[in-house]
There are 2 protein chains.
Amino acid sequence: MKIHREQIIEAGMLLLDRDGLEGVTLRRVAAELHVHAGALYWHVRNKQDLLDEMANALLAEQFAQVEGPAPEQDWEHWLQGICLRLRQAMLAHREGARVVAGASFGRAILLKQLTETIIRSLLDAGFSLHLAYLICTTVLSYVYGFVIEEQAAPTPEIISKHASDGSILADIFREKGNIYTTEADFLTGLEMILDGAKRKVMNQLS
Amino acid sequence: MKIHREQIIEAGMLLLDRDGLEGVTLRRVAAELHVHAGALYWHVRNKQDLLDEMANALLAEQFAQVEGPAPEQDWEHWLQGICLRLRQAMLAHREGARVVAGASFGRAILLKQLTETIIRSLLDAGFSLHLAYLICTTVLSYVYGFVIEEQAAPTPEIISKHASDGSILADIFREKGNIYTTEADFLTGLEMILDGAKRKVMNQLS
DNA sequence: ACCTGAACACCGTTCAAGT
DNA sequence: ACCTGAACACCGTTCAAGT
């Protein structure tokens with residue numbers, strides 16, 4: 001029963017898509033590979049290590065290699081494209097946003113590379129390191145938050161509980177299928193942030 | 001050994017501050033109250049129920065009652081104040097942001113009320129329901145994301161691991177104590193979002 | 001080098017039975 | 001009404017011992 005790191009990650013992704021994040025368990029991963037749970041510890045430091053690696057695998061589907069803006073492309077449109085792809089990568093797997101948001105740079109190399117590339121591109125656009133970092137995390141926080149919401153299917157129980165209490169959220173929940181799941185909405189919020197960021201620099205430079 | 005719901009929540013908060021979120025365990029909460037774990041289920045539906053209630057208690061410290069903008073106050077400054085208080089509430093307890101971000105409206109009544117008030121105030125300011133909801137969640141996502149980062153103390157191990165690999169993040173991590181923990185930085189990012197939102201409406205109205 | 005077997009120290013949740 | 005006692009079905013992690 002020879003096992004490789006790769007297979008452990010694959011098995012983890014399989015369980016993620018099938019049973020959700022709480023279904024990703026070292027014991028189940030081991031069972032999937034016909035191996036005892038303890039055996040995994042030869043290939044993986046601990047559970048978080050595996051989750052980080054899964055986040056990496058998830059990102060690899062969209063960010064096999066990350067590149068800065070093209071020569072005549074401005075940073076806003078480039079960053080917008082990056083965010084769209086990031087959302088796409090997360091949406092491709094159940095609770096993908098939670099997995100990525102919970103990952104640390106340690107093993108999720110692509111997450112680190114992505115962050116690096118964003119900050120570097122903003123520096124090249126004339127931002128201070130401080131502001132570049134702030135914009136980067138602001139945007140990433142937004143993407144995480146949005147997609148986490150998007151993937152957290154509100155249970156029918158929750159919907160019906162709030163459906164008839166006269167609250168505004170009731171109205172929103174009722175048409176939830178339409179709201180907040182579209183790329184258009186994602187873009188609207190993103191544009192707000194990028195637009196605000198652009199003006200912040202302009203004020204800073206003048 | 002009579003137990004009240006209130007005491008369970010209090011014990012939960014105590015464990016949260018002392019041992020962190022992963023230290024909040026129904027068995028430990030029960031031990032704190034000199035009661036068997038099963039006894040809690042008379043007062044609480046399950047663990048998430050308790051966590052939701054804890055999120056509520058946390059919010060109550062800042063939002064005992066939530067009010068919309070004052071008569072001559074514009075929505076941006078009002079919303080800015082709300083976000084500052086929300087951050088304050090979360091910072092007051094260890095991993096407070098994670099607790100609130102993970103809570104559902106079910107039991108965390110104040111979270112629902114807060115959301116309601118924000119959306120309603122934006123409606124009063126002339127936004128469409130759709131846009132009001134989008135701005136609300138965008139802003140909340142930002143606050144969650146920022147404070148979660150802020151409270152996730154990067155372990156010395158992580159810092160040293162990335163401190164000397166020539167990456168930009170290395171530079172940032174090294175001065176991490178200064179960066180990203182200040183209210184000023186929080187406000188900068190928040191202003192970007194609010195500013196972008198304001199312009200989005202102006203375009204919409206014209 | 002890499003896995004088994006078995007243990008350790010926990011979890012959340014349920015439920016008969018007690019008072 | 002509210003708690004005990006005890007179980008059920010799990011966890012992550014460690015580590016001697018095997019091969």
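Heavy-atom basis, side chains included; hydrogens, waters and symmetry copies ignored. Just so we're on the same page: letters track the sequence lines, and every chain starts at 1.
Here the closest heavy-atom approach between residue B:K198 and residue B:E76 is recorded as NZ-OE1, 3.0 Å. When every heavy atom of B:E149 is checked against every heavy atom of A:Y133, the shortest pair comes out as OE1-OH, 4.3 Å.
Comparing C:dC11, D:dG12, C:dT13 by their nearest atom to the side chain of A:T25 picks out D:dG12. Listed nucleotides: D:dG12, C:dC2, C:dC11. Nearest to the side chain of A:R27: D:dG12. Considering only the side chain of B:K47, C:dG12 comes nearest among C:dC2, C:dG12, D:dT13. The listed nucleotides are C:dT4, D:dC3, D:dG12; the one nearest the side chain of A:H36 is C:dT4.
If you check the side chains of A:Q7 and A:H43, you find no donor sitting under 3.5 Å from an acceptor.
OP1 or OP2 of D:dC3 sits under 4.0 Å from a side-chain N or O of B:H43.
The pair B:R94-B:D17 does not meet the salt-bridge criterion, since no charged nitrogen lies less than 4.0 angstrom from a carboxylate oxygen. Salt bridge status for B:D52 with B:R45: absent, with no side-chain N to carboxylate O gap under 4.0 Å.
In this entry the distance linking CG of A:L26 with P of D:dC11 reads 10 Å, nearest Å.
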Take nucleotides 14-19 of chain D nucleotide by nucleotide from the 5' end and write B, S or -, depending on whether a protein heavy atom sits under 4.0 Å from the base, only from the sugar-phosphate, or from neither. B-----

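Below 30°, between 30° and 60°, or above 60°: for A:F186 and A:Y142 the angle between ring planes is below 30°, a parallel geometry.
A donor-acceptor contact shorter than 3.5 Å links the side chain of A:W78 to the backbone of A:E67.
For DNA chain D, none of the residues of residues 93-107 of chain B falls under the heavy-atom distance limit of 4.0 Å.
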Could you summarise the pairing of DNA chain C as dot-bracket text, marking Watson-Crick and G-U pairs under 3.5 Å with ( ) or [ ] inside the strand and | across strands? ||.|||||...|||||.||

